[in-house]
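The basis for the numbers below is simple: all heavy atoms, side chains too, and nothing from hydrogens, waters or symmetry mates.
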Amino acid sequence: IGFLQSNDKKTKVENIVSIDYTHSCAVGQTGCGKTTGYIYPNLNERISKQHGILLYDFKGKEHAALKTIARKNNRLEDVIEIGTAWGRNINIIKYMNEAEFQDFVVDLVGLDDKDPYWSTTAGNIMASIYRAVEAYLKVYEEFLKLDENTNKDIEYLKMPKSLSLSEMYMTIKNLKALKKFTENLKNLNRRFKRAITSMLRECTKDEIKLYIPLAKQIIKFEDIINNKIGSLSTFKESDFSEKHSSTYQTIILAMSTTLASISEVDMFNNDEVDIIDELNNGKIISINTKEF
């Protein structure tokens, strides 16, 4: 706030916001020129200086202006579009931590629900799934560092292979799927321990230290599935009796119907573009927020 474009051509300011300023805000009534007199000149200035750009396209049409400015500065090839049919795909939850993901689920499930019980319960369950998947993926990463051909148990047990909505949705699409997921966490832990035991038998004393990071991750995973995913234990112990079935089915329905449509949208579930990496590499990213 404080840098205005002058209407006087003699005193026209070329750099609307000094390049030293990392934050600015334009406030004005509709039609006063915030976009053409403020946003476009700033975009042009930054793009001409090879800056990375992140544009939220609320109107769904500003991508055209962005590309025009990029073309003017010979940077059209640096433009990446997200949220359009012709754009690139991202994993929408990639940079969420567990707490943020839980809030995300609660907000989605509770949009039209005046009773917070269902959305809160759904959030707790999905947070537990997130915690377990994140833990065994870290184990898997350590296995791959030691032997890229070892440990195909995740695929064999048909467990989520990434922290994405599409993968995690498969665990809660129905009551049977969630029960199977909780049971397979124990199976996966047993397979992890058998694998590292076998590897340790074949290694030398000098090589044992290489397996410490893997062992730590396995121990952490075991602790999580034994002590830190309590909201899933109910489903593991469920005998599908009529006494519990109605409540379980309602909880699953609240989660699955909400997440199903999002999990099917490729542009939000495929880790094709890492926005942070691309911005650090000076790319110009336009996000069509209408889809969001």
Checklist line | Chi angles and distances behind the side chain to side chain contact (heavy atoms under 4.5 Å, CB included) call for Asn189, Tyr136 | finding: CA-CA 8 Å; Asn189 185 52; Tyr136 74 61; over 6 Å; no
Note to self: Which Ile, Leu, Val, Met, Phe, Trp or Tyr residues join Tyr95 in one cluster when any pair of side-chain heavy atoms under 4.5 Å counts as a link?
What the structure shows: Ile276
Margin query: I'd like to check Ile251 versus Tyr117 (side-chain heavy atoms, cut-off strictly below 4.5 Å). Are they in contact?
Written below: yes
Check: In terms of side-chain heavy atoms, does Asn269 have a donor or acceptor partner in Asn89 at a distance below 3.5 Å?
Finding: no
Check: Are Tyr130 and Leu163 close enough, and set up right, to give a side chain to side chain contact (heavy atoms under 4.5 Å, CB included), and what steps lead you there?
Finding: CA-CA 7 Å; Tyr130 180 106; Leu163 282 173; 3.9 Å; yes
Next item on the list: Measure the OG1-CG distance between Thr204 and Leu210 for me, rounded to the nearest 0.5 Å.
Entry: 8.0 Å
Next item on the list: With the side chain counted from C-beta on, respond yes when Met267 and Arg88 share a heavy-atom pair under 4.5 Å apart, and no when they do not.
Entry: no
Note to self: Applying side chain to side chain donor-acceptor pair (under 3.5 Å), can you list everything that pairs with Lys180, at least two apart in sequence or on another chain?
What the structure shows: none
Check: Looking at CD of Glu222 and CG of Leu185, how far apart are the two atoms once the value is rounded to the nearest 0.5 Å?
Finding: 12.0 Å
Margin query: For Glu45 and Tyr40: C-alpha separation, side-chain torsions, deciding distance, then whether side-chain hydrogen bond (donor to acceptor under 3.5 Å, both in side chains) applies.
Written below: CA-CA 9 Å; Glu45 174 73 9; Tyr40 291 167; over 6 Å; no
Check: Given Ile287, which of Leu55, Thr84, Ile90, Ile82 fulfils the side-chain contact (heavy atoms from CB on, under 4.5 Å) condition?
Finding: Ile82
Item checked: Partner residues of Asn97 under the side chain to side chain contact (heavy atoms under 4.5 Å, CB included) criterion, sequence neighbours left out -> Ala99, Glu100
Checklist line | Side chain to side chain, Gln50 and Arg75, heavy atoms closer than 4.5 Å | finding: yes
Notebook entry, point to check: With sequence neighbours left out, what residues match Arg190 under side chain to side chain donor-acceptor pair (under 3.5 Å)?
Noted result: Asn187
Check: Can you find a heavy atom in the side chain of Leu165 that is under 4.5 Å from one in the side chain of Phe101?
Finding: yes
Item checked: Nearest heavy-atom neighbours spanning Ser128 and Leu232 -> CB-CG, 3.8 Å
Check: Out of curiosity, Asn73 CG to Arg46 CZ, how far, rounded to the nearest 0.5 Å?
Finding: 13.5 Å
Next item on the list: Scan side-chain atoms only and decide if Asn288 and Lys59 contain a donor-acceptor pair under the 3.5 Å cut-off.
Entry: no
Next item on the list: Please check if atom CE in Met170 has more than 12 non-hydrogen atoms from other residues, nucleotides or ligands closer than 6.0 Å.
Entry: no
Item checked: Sub-4.5 Å side-chain heavy-atom contact between Arg71 and Val79 -> no
Check: Counting only heavy atoms not in Lys34, do more than 12 sit closer than 6.0 Å to its NZ atom?
Finding: yes
Notebook entry, point to check: So Gln102 and Asn124, side-chain hydrogen bond (donor to acceptor under 3.5 Å, both in side chains) or not? Walk me through it.
Noted result: CA-CA 7 Å; Gln102 183 171 359; Asn124 290 335; 2.7 Å; yes
Next item on the list: Determine the minimum heavy-atom distance between Ser24 and Val17, stating which atoms define it.
Entry: OG-CG2, 3.7 Å
Next item on the list: Could I get the full list of side chain to side chain donor-acceptor pair (under 3.5 Å) partners for Thr68, not counting sequence neighbours?
Entry: none
Notebook entry, point to check: Looking at residues at least two apart in the chain, or sitting in another chain, which of them share a side chain to side chain contact (heavy atoms under 4.5 Å, CB included) with Asn91?
Noted result: Ile93, Lys94, Ser164, Asp271
Note to self: Does Tyr56 form a side chain to side chain contact (heavy atoms under 4.5 Å, CB included) with Leu54? I'd like the steps, not just the answer.
What the structure shows: CA-CA 7 Å; Tyr56 289 100; Leu54 178 61; 3.7 Å; yes
Note to self: Assigning hydrophobic clusters by single linkage (Ile, Leu, Val, Met, Phe, Trp, Tyr; side-chain heavy-atom cutoff under 4.5 Å), is Ile219 placed with Val133?
What the structure shows: no
Next item on the list: Drop me the distance from Leu279's CG to Ile80's CD1, to the nearest 0.5 angstrom.
Entry: 8.0 Å
Item checked: Main-chain N/O of Ala195 paired with Ser198 side-chain donor or acceptor, under 3.5 Å -> no
Margin query: Can you confirm whether Ile285 sits close enough to Ile53 that some side-chain heavy atom of one is under 4.5 Å from a side-chain heavy atom of the other?
Written below: no
Notebook entry, point to check: So which heavy atom on Ala132 is nearest to which on Ile229, and how close?
Noted result: CB-CG2, 4.5 Å
Next item on the list: For Lys228, check side chain to side chain donor-acceptor pair (under 3.5 Å) against everything at least two apart and list the hits.
Entry: Asp223
Next item on the list: Could you grab the distance from atom CD1 of Ile39 to atom CG of Asn44, nearest 0.5 Å is fine?
Entry: 13.5 Å
Notebook entry, point to check: Taking only residues at least two apart or on different chains, which pairs with a member in residues 200-220 satisfy salt bridge (charged side-chain N to carboxylate O under 4.0 Å, His left out)?
Noted result: none
Margin query: If you compare all heavy atoms of Val109 against all heavy atoms of Ser119, which two are closest, and at what distance to 0.1 Å?
Written below: CG1-CA, 3.7 Å
Checklist line | Spatial distance of atom CD (Glu81) from atom NE2 (His63) [nearest 0.5 Å] | finding: 6.0 Å
Checklist line | For Leu200, all residues meeting side chain to side chain contact (heavy atoms under 4.5 Å, CB included), sequence neighbours excluded | finding: Ile196, Cys203, Tyr211
Would you list the atom pairs, donor with acceptor, under 3.5 Å between side chains in residues 252-262 and any protein atom, with sequence neighbours excluded?
from: Ser256; atom 1: OG; to: Ile252; atom 2: O; distance (Å): 2.9
from: Thr257; atom 1: OG1; to: Leu253; atom 2: O; distance (Å): 2.6
from: Thr258; atom 1: OG1; to: Ala254; atom 2: O; distance (Å): 2.8

Margin query: Quick check: closest heavy atoms across Ser166 and Ser263, and the distance to 0.1 Å?
Written below: CB-O, 3.3 Å
Margin query: Would Leu178 and Ile129 count as a side chain to side chain contact (heavy atoms under 4.5 Å, CB included) here? Give the steps.
Written below: CA-CA 9 Å; Leu178 185 53; Ile129 294 173; 4.0 Å; yes
Next item on the list: Determine, using ring centers only, whether Phe192 and Phe143 are less than 6.0 Å apart.
Entry: yes
Check: Is Asn270 reaching over with its side chain to a backbone N or O of Glu272, donor-acceptor style, under 3.5 angstrom?
Finding: no
Margin query: Give me the atom names and distance for the closest heavy-atom approach of Leu66 to Ser286.
Written below: CD2-CB, 3.6 Å
Item checked: Salt-bridge contact Glu141-Lys145 (side-chain N to carboxylate O under 4.0 Å) -> no
Check: Mind checking what makes salt bridge (Lys or Arg N to Asp or Glu O under 4.0 Å) contact with Lys138, not counting sequence neighbours?
Finding: none
Notebook entry, point to check: Looking at side-chain heavy atoms only, is the closest gap between Pro160 and Thr171 below 4.5 Å?
Noted result: yes
Notebook entry, point to check: Do any pairs count as a salt bridge (charged side-chain N to carboxylate O under 4.0 Å, His left out) and have a residue in residues 120-137, sequence neighbours left out, and if so which ones?
Noted result: Glu98-Arg131
